[in-house]
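These figures come from a predicted structure and were not determined experimentally. All heavy atoms count here, side chains included; hydrogens, waters and symmetry mates do not.
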Protein chains: 2
Amino acid sequence: MDARISSGRRAADAIVERLELRIVSGELPDRTALPPERVLMAEFGASRTVIREAITALSSRGLIENRPRYRPIVRKPGFDAALGALGGIVGHLLGEAEGVKALFDSRIFLERALVREAAMHARRADIQALREALAANEAAIPDSARFYATDVAFHAVLYEIPRNPIMPAIHRAYVAWLAVHWHRMLRSPERNRVNYQSHRTILEAILERDPDAAEAALASHLNAAWEYVRVTFEPAPERTEAGQP
Amino acid sequence: MDARISSGRRAADAIVERLELRIVSGELPDRTALPPERVLMAEFGASRTVIREAITALSSRGLIENRPRYRPIVRKPGFDAALGALGGIVGHLLGEAEGVKALFDSRIFLERALVREAAMHARRADIQALREALAANEAAIPDSARFYATDVAFHAVLYEIPRNPIMPAIHRAYVAWLAVHWHRMLRSPERNRVNYQSHRTILEAILERDPDAAEAALASHLNAAWEYVRVTFEPAPERTEAGQP
DNA sequence: GTGGGTATTTTGATCATACCAAAAATGGCC
DNA sequence: GGCCATTTTTGGTATGATCAAAATACCCAC
């Protein structure tokens, strides 16, 4: 009478699969509540143990939003949800210097390509958005918190230009990863002004349709930024070489 | 005697947190097996229900690898694990044409940047690896399955060149996403030959240290490839406009 | 004693049942 | 019709049992 799976596959996996199907097929539309566990139990002929395991699995895969005491809600995820889930995992890497460095480098690498793209293919609306973002950026120089927001917004425009929904999602993910440590980052109006000037240089290169100059300006900008990010991930003062001489 | 959490937090969450700490702190070193459920049960004063829930949660977050009947193994995740988890989610987007297009476009975008990088900064060893990959690619032209493997390998070299561990992980993720549909993709020795020629053109541009030519060649190559990928994601013939005139 | 095969123990997977508390549904009151 | 008390539903957790596969201990032959 046992319906146990004796192969290398959990019983919950089969249920996950079937529920997945119902979600992507639209049988369980977005934002609707999942049937109660006891119903699913009868429906799939499994114990609540298995049903619950399947639900948590779906939840961790982003197909279901499962607040503690509430009915699980079907969520057809977008790229944001996907990258959000990724963020939780990558977060663990952020404790290790190498991981952060790799992450930040990947950002530099991507944004270098983005500014090239911008220099070559930015449309009138993109240019306009960049101009506005830069203006907001300048206006916020005295206020570091606001500057940070406008800084993020400026870069966000770059991610919009390729018109690929994945790009903004990636940007949001980067921002989310780094935001955790923002409060530990050094910041000051002087520093803000430097960053503003970098943004300005980048935009000028884009306006001149000079991808190489734009790429170089951005690389310089982000490599400088890295110095300020890096320190926040170096908790213990390993070497006091230039400490108090 | 009940240790039930009555707030908006599951009991499992606390355990997840504590186990997380043990993992990142190194108390539970990488690759070691987790203690048996019954031990953890006693240790945390929770029922197996909760322990198991915590374990599956850790597992879905990539901190633990748990094959069906084996002891869960601690895994300080790398970027591969992260992107692997992401893959499961993104997979759902692959059913929708827009999602696939966006994904493929992002790949083109990234690889364009990669070949530029290669043209500018490829080292002797990278060049050698590319040459070898190309040779293997040519040799495999008659055998489509083998050709596919060498095709992937050729592109993989490009992802190695920036020396950023995230890049190869991204590549593997792309490959995994697309591999699911490989059996539906059209393939033939003629097609293989065309692809081989594309690879050859790309490598030549890299050898000449000409990033623009390399980028153009790669874009052309992948845009052509997209045509072959696209059809596999268009199940129903929605419009027969150019069907049988 | 060592390799290989077998018996035993451990342990993960699943089921069944029960209870509690919070959420949701119900119904009656103003 | 809207608001509040009551009942029902439902998710969270606990306990105990069973089974099969994995891990381990054991044994035997060479």
**Student:** Just the rounded figure in Å: distance from P of dG12(C) to CZ of R67(B).
**Tutor:**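 One finds 13 Å between P of dG12(C) and CZ of R67(B), rounded.
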**Student:** Phosphate oxygens OP1/OP2 of dA22(D): is one of them under 4.0 Å from a side-chain N or O of R69(B)?
**Tutor:**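 No, no such contact exists.
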**Student:** Less than 4.5 Å apart, side chain to side chain, heavy atoms only: is that true for L19(A) and I64(A)?
**Tutor:**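 No, their side chains stay 4.5 Å or more apart.
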**Student:** Quick one: do the N192(B) and S144(B) side chains pair a donor with an acceptor below 3.5 Å?
**Tutor:**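 Side-chain D/A pair, N192(B) to S144(B): present.
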**Student:** Calculate the interatomic distance between F44(A) atom CZ and dC15(C) atom P; express it in whole Å.
**Tutor:** 13 Å
**Student:** Round to a whole Å and report the spacing from CD of E65(B) to P of dG12(C).
**Tutor:**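 Going from E65(B) (CD) to dG12(C) (P), I get 15 Å.
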**Student:** On DNA chain C, does the nearest nucleotide to M41(A) precede the nearest nucleotide to E53(A) from the 5' side, or the other way round? Give the residue.
**Tutor:** E53(A)
**Student:** Find which nucleotide of DNA chain C each of E37(B) and V50(A) is nearest to by heavy atoms, and output the residue with the more 5' nucleotide.
**Tutor:**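 Of the two residues, E37(B) wins.
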**Student:** Write down the distance between CD1 (I73(A)) and C1' (dA24(C)), rounded to a whole number of angstrom.
**Tutor:**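 Distance check: I73(A) CD1 to dA24(C) C1' gives 13 Å.
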**Student:** Do the rings of F104(B) and W226(B) sit parallel, tilted or perpendicular, given the 30° and 60° boundaries?
**Tutor:**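 The rings of F104(B) and W226(B) sit tilted, inter-plane angle from 30° to 60°.
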**Student:** Between P on dG11(D) and CZ on R38(A), what's the gap in Å once rounded to a whole number?
**Tutor:** 7 Å
**Student:** If you find the nucleotide of DNA chain D closest to Y70(B) and the one closest to R52(A), which residue's nucleotide is nearer the 5' end?
**Tutor:**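 Mapping each residue to its closest nucleotide by heavy atoms, the 5'-most match is R52(A).
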**Student:** Write down the distance between CZ (R48(A)) and C1' (dC15(C)), rounded to a whole number of angstrom.
**Tutor:**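 Rounded to the whole Å, the gap is 13 Å.
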**Student:** Within 45° of the ring axis of F44(B) and under 6.0 Å from its six-membered ring centre, is that where the NZ or CZ of R18(B) lies?
**Tutor:** no
**Student:** Atom CG of L40(B) and atom P of dT11(C): how far apart are they, to the nearest Å?
**Tutor:** 11 Å
**Student:** For R71(B) and dT24(D), what is the distance between atoms CZ and P respectively, to the nearest whole Å?
**Tutor:** 7 Å
